[in-house]
Enquirer: 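I have a structure here, written as structure tokens, and I will follow up with some questions on it.
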2 protein chains.
Amino acid sequence: MYVHIFVASFGKSTPPLMKIEDEIKQPTFKDEYQKAHINLIYTTGWIQLRQAAAFREFDVTLPQYNILRILRGQHPKPATVNLLIERMLDKTSNASRIVDKLVAKNYATRTVCPSNRRAVDIHITDAGLELLHNMESVVSHQNTGLHNLTPEEAAQLSDLLDKIRD
Amino acid sequence: MYVHIFVASFGKSTPPLMKIEDEIKQPTFKDEYQKAHINLIYTTGWIQLRQAAAFREFDVTLPQYNILRILRGQHPKPATVNLLIERMLDKTSNASRIVDKLVAKNYATRTVCPSNRRAVDIHITDAGLELLHNMESVVSHQNTGLHNLTPEEAAQLSDLLDKIRD
DNA sequence: CAACATTAAATGTATGTACATATATTTGTA
DNA sequence: TACAAATATATGTACATACATTTAATGTTG
């Protein structure tokens, strides 16, 4: 016997706190585990949609932005595809093709690594650095919702998530 | 020269609890907010990857499975694309094309709704019902990690997530 | 009723995910 | 040195996401 998932829209949640059962119009869950599970998926989607919206005016996607940040972190040293994969949150995504997009937009360059011709040296360009700089204020002022928590609650959240993956 | 950072791919995290800073080899974060944010994205990805792996043997993806569940909930009444969208966790996904896949696999049928010829009636087939039945035990025994929490902790997690979206 | 707006679904396009496989280069070793 | 294994990246394919546009049917209103 299954409970159904009625989902409203990704809410501009209004003044009173919207519990997950209200957001997706599902009054009951099998147990707290199912409820937390659905809440995790839903809330993470909610956060990422907001982030992507903030990035849209800069014509950059979230994965592209994340890679640019890694490239800036390396700058002026080069990165390789391997290094990008290691540092990305999503290891199964395709760094090579995301770099393609950045190169096409002139935010990164790709050259064969002289010391190891299998590898490629990837550098952020001045235009890429400038883009990140321009995005800075928007990104830092963008409220992802996390700041609705106290620092203690945020730490508590991290601990719970760590425990899930244990 | 820089140290080669090895990231233990989406972990079968080993006995000792792997904190997020270990998982992605980032020793420090700007603050607890950034840490919790990254942990959310990472952990949700971790969970979904495990789920998808469990579904693979049935040759069904997670979105396809979720829609099949909704169709079974309606059965023997039909669903429409609109109804599917309302009940899906991810409203921006394309229900129409996911139904395409289910129809192609003979797990669903699509017929023009007689009372409103703009809409389509979507039904789960016997093969679809059988598939869900066969998946039941695998899905219910699959540990998504949530069960590493106590019910109280799961409830606490839900509360924190609700607060994020407030 | 005609003109226009709304609704339901499908389609188009760009991007990304997930995974398998291919290509080139380098390393290890018999 | 020759040759297999390992490494670094790229490519292919299927699927899904995100969002804009199109097509058809239905409602609405002057």
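So that the names make sense, note that chain A is the first sequence line, chain B the second, and so on, each numbered from 1.
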Enquirer: Tell me if the CG atom of B/Asp126 is crowded by more than 12 foreign heavy atoms within 6.0 Å.
Expert: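 Counting neighbours around CG of B/Asp126, 12 or fewer heavy atoms of other residues, nucleotides or ligands fall under 6.0 Å, so no.
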
Enquirer: Summarise how protein sits on nucleotides 1-9 of chain C as a single string, 5' to 3': B when a protein heavy atom is under 4.0 Å from the base, S for sugar-phosphate-only contact, - for no contact.
Expert: ------BSS

Enquirer: Roughly, in whole Å, what's the span from CZ in A/Arg56 to P in D/dC19?
Expert: 4 Å

Enquirer: Hey, does the side chain of A/Lys101 come within less than 4.0 Å of C/dA14's phosphate (OP1/OP2), counting only N and O?
Expert: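 A/Lys101 to C/dA14 OP1/OP2: no side-chain N or O under 4.0 Å.
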
Enquirer: According to the Watson-Crick and G-U wobble definition with distances under 3.5 Å, which dot-bracket string, read 5' to 3', encodes DNA chain D, using [ ] for crossing pairs and | for pairs with another strand?
Expert: ||||||||||||||||||||||||||||||

Enquirer: Indicate yes or no for a side-chain donor-acceptor contact from B/Ser140 to the backbone of B/Ser137 under 3.5 Å, with no hydrogens or angles considered.
Expert: yes

Enquirer: Rounded to whole Å, how long is the line connecting atom CZ of A/Phe55 with atom P of C/dG16?
Expert: 12 Å

Enquirer: Contact class for B/Ile98 vs. all strands (heavy atom < 4.0 Å): base, sugar-phosphate, or nothing?
Expert: sugar-phosphate

Enquirer: Using a strict cut-off of less than 4.0 Å between a Lys/Arg side-chain nitrogen and an Asp/Glu carboxylate oxygen, indicate whether B/Arg56 and B/Asp59 qualify as a salt bridge.
Expert: no

Enquirer: Check for a donor-acceptor pair, side chain of A/Tyr33 on one end and backbone N or O of B/Leu149 on the other, with a separation under 3.5 Å.
Expert: yes

Enquirer: Nearest whole angstrom, please: distance from the P of C/dG16 to the CG of A/Asp59.
Expert: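 Nearest whole value for this atom pair: 11 Å.
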
Enquirer: In whole angstrom, give the distance that lies between atom CD1 of B/Ile47 and atom P of C/dA18.
Expert: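 The distance from CD1 of B/Ile47 to P of C/dA18 comes to 14 Å, rounded to the nearest Å.
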
Enquirer: With a 3.5 Å distance limit and no angle check, can you tell me whether A/Asn39 reaches the backbone of B/Leu161 through a side-chain donor-acceptor pair?
Expert: no

Enquirer: Quick one: B/Gln48 CD to D/dC15 P, roughly how many Å, whole number?
Expert: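 Atom CD in B/Gln48 sits about 18 Å away from atom P in D/dC15.
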
Enquirer: Given C/dA18, D/dA18, C/dG16, identify the nucleotide with an atom nearest to the side chain of B/Arg97.
Expert: D/dA18

Enquirer: Rounding to a whole Å, what distance do you find between A/Asp90:CG and D/dT17:C1'?
Expert: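 One finds 14 Å between C1' of D/dT17 and CG of A/Asp90, rounded.
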
Enquirer: Between A/Thr43 and A/Leu40 (side chain of the first, backbone of the second, donor and acceptor by atom type, cut-off under 3.5 Å), is there such a pair?
Expert: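 A pair under 3.5 Å: no.
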
Enquirer: If you assign A/Ala52 and A/Ile122 each to the DNA chain D nucleotide with the nearest heavy atom, which residue ends up on the more 5' nucleotide?
Expert: A/Ile122

Enquirer: Quick check: closest heavy atoms across B/Asn143 and B/Arg50, and the distance to 0.1 Å?
Expert: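 Between these two residues, the closest heavy atoms are O-NH1, 2.8 Å.
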
Enquirer: Once rounded to the nearest 0.5 Å, what's the spacing between atom CD of A/Glu136 and atom CG of A/Leu131?
Expert: 10.5 Å

Enquirer: If I take atom CG in residue A/Asp100 and atom C1' in nucleotide D/dG12, what distance separates them, rounded to the nearest angstrom?
Expert: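 Nearest whole value for this atom pair: 14 Å.
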
Enquirer: Measure CG/B/Asn94 against P/C/dG12 and give the value in whole Å, please.
Expert: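 Distance, rounded to whole Å: 12 Å.
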
Enquirer: Quick check: does any side chain N or O of B/Asp121 sit under 3.5 Å from a backbone N or O of B/Pro78, one acting as donor and the other as acceptor?
Expert: no

